[in-house]
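Proteins get letters first, then strands, A, B, ... in listed order; numbering begins at 1 in each. In what follows, every heavy atom counts, from backbone to side chain, and hydrogens, waters and symmetry copies are set aside.
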Amino acid sequence: MSLEGNYSPDEIEKKWYSYWMENDYFKSVPDEREAYTIVIPPPNVTGVLHMGHMLNNTIQDILIRKARLEGKNACWVPGTDHASIATEAKVVKMLRAQGIKKSDISREEFLKYAFEWKDKYGGIILEQLQKLGASADWSRTRFTMEEKLSKAVIKVFCDLHKKGKIYRGLRMTNWDPEAQTVLSNEEVIYTEENSQLYHVRYQIQDSEEYVTIATTRPETILGDSAVAVNPKDERYTHLHGKKVIVPLVNRTVPIIADRYVEMEFGTGALKVTPAHDMNDYDIGQRHNLETIDVFNSDGTMSEAAGFYLGKDRFEVRKLIVKDLKASGNLVEIENYRNKVGRSERTNAVVESRLTLQWFMDMKENSKTAFDVVNNGEVKFFPEHFQNMYNNWVKEENVRDWCISRQLWWGQRIPAYYVGDEIIVAPTPEEALAKAREVTGNSSLTASDLRQDEDVLDTWFSSWLWPMSVFDGFENPEELAYYYPTNVLVTGWDIIFLWVARMIMAGYEYSEALLGTEHVNKNGKFPFADVYFTGMVRDKKRRKMSKSLGNSPEALELIERYGADGVRFGMLSSGAAGNDIIFDAPEDPETKKTLSESDKCDQGLKFCNKMWNALKFLRGLEITTEKQSDEIEKVNHLAMQWIEEKYEATLTQLERQYETYRLSDSLMTLYNFIWNDFFSEYVELIKPAYIKDADGNNQQLALSKTVYDHAIDMYEKITTILHPFMPFVTEEIWHQLRDRKPGEDCIVSAYPKAKNFDAGLIQKVDSAIAVISKVRAYRSEKGIKSHLPLKLFIKNTKGAQELLEVQGLKEAIAKRAAIEEFTVTDSDDIPNTVSFVVGTEQFLLELPVTTIDTAAELEKAKKELARLEGMEKGLNKKLGNERFVNNAPPQVVALEQKKLADTQAKMEIAREVIRKLG
RNA sequence: GGGCGAUUAGCUCAGUUGGUUCAGAGCACCUCGUUUACACCGAGGGGGUCGGGAGUUCGAAUCUCUCAUCGCCCA
């Protein structure tokens, strides 16, 4: 790569990524070093890289790279999740497009198609992560449904069953009629939708009287078992104990009184359909009502309905309304907005349905999960997510986990049925042996056993992820080295689905797998810290997603700004845990979100800035000859100062890393590198131009000592920036010097922070402020930036102290184009304007024509007024006994110094006013 | 209905657990500059009564209460 033109990330990023891979830098094998472990939240195997992944994985990569630089054995385990429902839905759709119906093929055939699909598309997202620069150990890539991980899942199922924590039961569940499976509560998305509230009258048995109920679901009338009213509702008291006739079906059902009924809602009378509503089911249980399931599993009407057999529920809704109207029983139709639950995966309206499912009892495990987060064994960043977490895992809110799914894509439940017996065993052979034993029938064969058709919830495999990726359930040797992992980086939306459950699994199994000694020493938790990332949202605060089309294309962003630029952009968008409003603009015409971002652009510009600074340093002429005193003094100060600044920056970074304030860290680095290193340090050491014999400008040479120092410093900078922007730093690292094999930025040594000289930093800050003031005058008065000016500083103790810093005066002179910088006792230097930095007064000589005495006077008066106000406030504060007595001494001392400084400045302002006015 | 969070400059966000002249950053905007690493640049500048109100405190952007608006999670 030649040092010409602008920085172009594309080629450089490809080059270094393959270089790192070839050198096995991401690979981790247990050794004597301390391990630093992260397991990736496995993205869906069918997924594509989206903004959430980019944020999430950038953060993981930063932490892993930092640990690697610190000499730890950094291990980042990548992988994918089989995502049962999502993937099965996609495969079903793909098959349908080919004219194949799932119901027409066998389980085995379906799985063959599904695995083909997985093999074709499953690796895409991982390749995309590589483009982002993710330094995961790809040789460890795992998949939740691969053989070893599946074995672990089955083992755990059998174990929990044996422990009595897994049971089978008939429950009201969320049913997805399209995928024909049960959904967990977490997989149902509730949104407000427009619908109608139908008022339907039911005739009282043996009476001409009617009672009118309100329902949004008239098609379930066929399954009505009662009409319920609130016991306190006087409108209906006279009906208690009577019976009504359900329209159309003409079934006679009781009128019951139940407190659940809201008197204010609708007519105050509720039809009760225990088979099709959670609450109705509860009422049914209380009143021993009949449960009539009027739907088939695909949402069509069942035999039990008696009418409309085989027709779809929504079609039936229309038909039934028509029939109710015809029979005169439809009283009114009211427009209404209600919450409708839809399947997260198929978007089908979810039915409540009574089904036989497998559950895990969560009582004991959720208590542990609650305790260990609240006693600090597992720490959350930011902390406030603990509140949300507690609310979910606390006893009264936790519910048993429905772990069975009526799908084929997933781990099949290892339960076998023989007659009325249920045998749970890891393999068919073991199940058979057990079955023979249980039944006492030794002639049973494998064909007598019927395995449960269902598979397990995806989360039932991913909750084991931190242990199963190290094959901990088979051979705990590696697990012992890497477990517990250091940090989990994930979105807060899966705090319950995944984070809480991993914690439960960790406490359930780590001791059994690793031994008491190990867990006593290292902890049972799967990860010590959890870093919650925010959701990436669009301008309207909607979650960015493919389905909404409101997300920029991740890969296009990388193409446009480079991975470093995108990493910069993602990270500078917001702090840990807070949602990020990504700044991608919309196409004004199509309203489509463009793959552009100012923040990512800033990242690319930063790369370019670093690139140009590199070009500049490398292009300088170097000399070993001694240079003028002035130059040497300035250079010396520059070197001394940047080192202190560097140490101060390291200290700050250390603090930020400890609390995962990575956005802050990046800003700290950005400011240090751009402002301190490039704008101050490089400008200070930049050799001046002089006219040679022919009158041409020629740049002086830079002392070799200074050059070496600049290169050293730049090298240190690439190391500390590397975790955030790995590619550009690796490239610059190699451009700074010739490198031996293995001498790479990615494995350079991350420095330990040392003490720094805050006094020197502060004095140079003052000098920078002086330079800035002089430039402001130039800008205001239209004076060329290179026209030499004279500057004076009033002779005070403070001035002496300031100028004690070797090179400070010369540095100011160089950066502000000052030809003469003099300490003076005189109060009256003609043609000067006065300004104050700290508590020191400076006088800047300007061309006479540019000085506006009246304006200067006005300025000074305004300043004095401001200072007077400040003095008043400070006096009041310091005059307040309670402040002086209660505030910490250093705060009081500070206020006192503030007062003294203010008064000193007031004195200067008065002096200026006296002279001008 | 229960819970969590947000509200700070035109925009996107910080503000490290109440105390440095603390009201900040980046972008955008305005003025000037093509000077020689970089116009993907440099120099300078304008802009916010920290959502409203009340309270606690010597001291509040920060803590409490309340109201408003918005977002989310769970029922």
| field | From A/Leu844 atom CG to A/Ile818 atom CD1, the distance as rounded to the nearest 0.5 Å | value | 5.5 Å

| Separation of A/Tyr777 OH from A/Thr850 OG1 (nearest 0.5 Å) | 10.0 Å

For [N] and [M], measure between their [atom1] atoms and round to the nearest Å.
{"N": "B/rU17", "M": "B/rG2", "atom1": "C1'", "value": "28 Å"}
{"N": "B/rU49", "M": "B/rC72", "atom1": "P", "value": "29 Å"}
{"N": "B/rG42", "M": "B/rG47", "atom1": "C1'", "value": "22 Å"}

| remark: Those residues at least two apart in sequence (or on a different chain) that pass ring pair (Phe, Tyr, Trp, His ring centres under 6.0 Å) with A/Phe677 are A/Tyr681, A/Tyr714

| remark: Assign each of A/Thr902 and A/Ser572 the nucleotide of RNA chain B bearing its closest heavy atom; nearer the 5' end lies the nucleotide of A/Ser572

| query | Want to settle it: does A/Asn671 or A/Val884 sit nearer the 5' end of RNA chain B, counting the closest nucleotide to each? | reply | A/Asn671

| said: From CZ of A/Phe677 over to P of B/rC38, roughly how many Å is that when rounded to an integer? | reply: 17 Å

| field | Between B/rC74 (C1') and A/Trp401 (CH2): distance, integer Å | value | 18 Å

Just compare [options] and give me whichever is closest to any side-chain atom of [X].
{"X": "A/Arg399", "options": "B/rA75, B/rG19, B/rA37", "result": "B/rA75"}
{"X": "A/Ala887", "options": "B/rA25, B/rC58, B/rC27", "result": "B/rC58"}
{"X": "A/Trp492", "options": "B/rC38, B/rC72, B/rA75", "result": "B/rC72"}
{"X": "A/Lys686", "options": "B/rA14, B/rA37, B/rG3", "result": "B/rA37"}

| said: I need a per-nucleotide contact map over nucleotides 41-50 of chain B, read 5' to 3'. Cutoff is protein heavy atoms under 4.0 Å; write B for the base, S for backbone only, - otherwise. | reply: SSSS------

| message | Less than 4.0 angstrom between a side-chain N/O of A/Asn886 and OP1 or OP2 of B/rC58, yes or no? | response | yes

| request: Report yes if a side-chain nitrogen or oxygen of A/Asn390 is closer than 4.0 Å to either non-bridging phosphate oxygen (OP1 or OP2) of B/rG3; otherwise report no. | output: no

| note | Symbol by symbol from the 5' end, with Watson-Crick or G-U pairs under 3.5 Å, [ ] crossing and | another strand, RNA chain B is (((((((..((((.....[....)))).(((((.......))))).....(((((..]....)))))))))))).

| said: Once hydrogens and angles are ignored, does a donor-acceptor distance under 3.5 Å link the base of B/rA37 to the side chain of A/Glu683? | reply: yes

| Could A/Lys876 and A/Phe883 be counted as a cation-pi pair, given that NZ or CZ must be under 6.0 Å from the ring centre and within 45° of the axis? | no

| If you count the non-hydrogen atoms of other residues, nucleotides and ligands that lie under 6.0 Å from NZ in A/Lys781, is the total more than 12? | yes

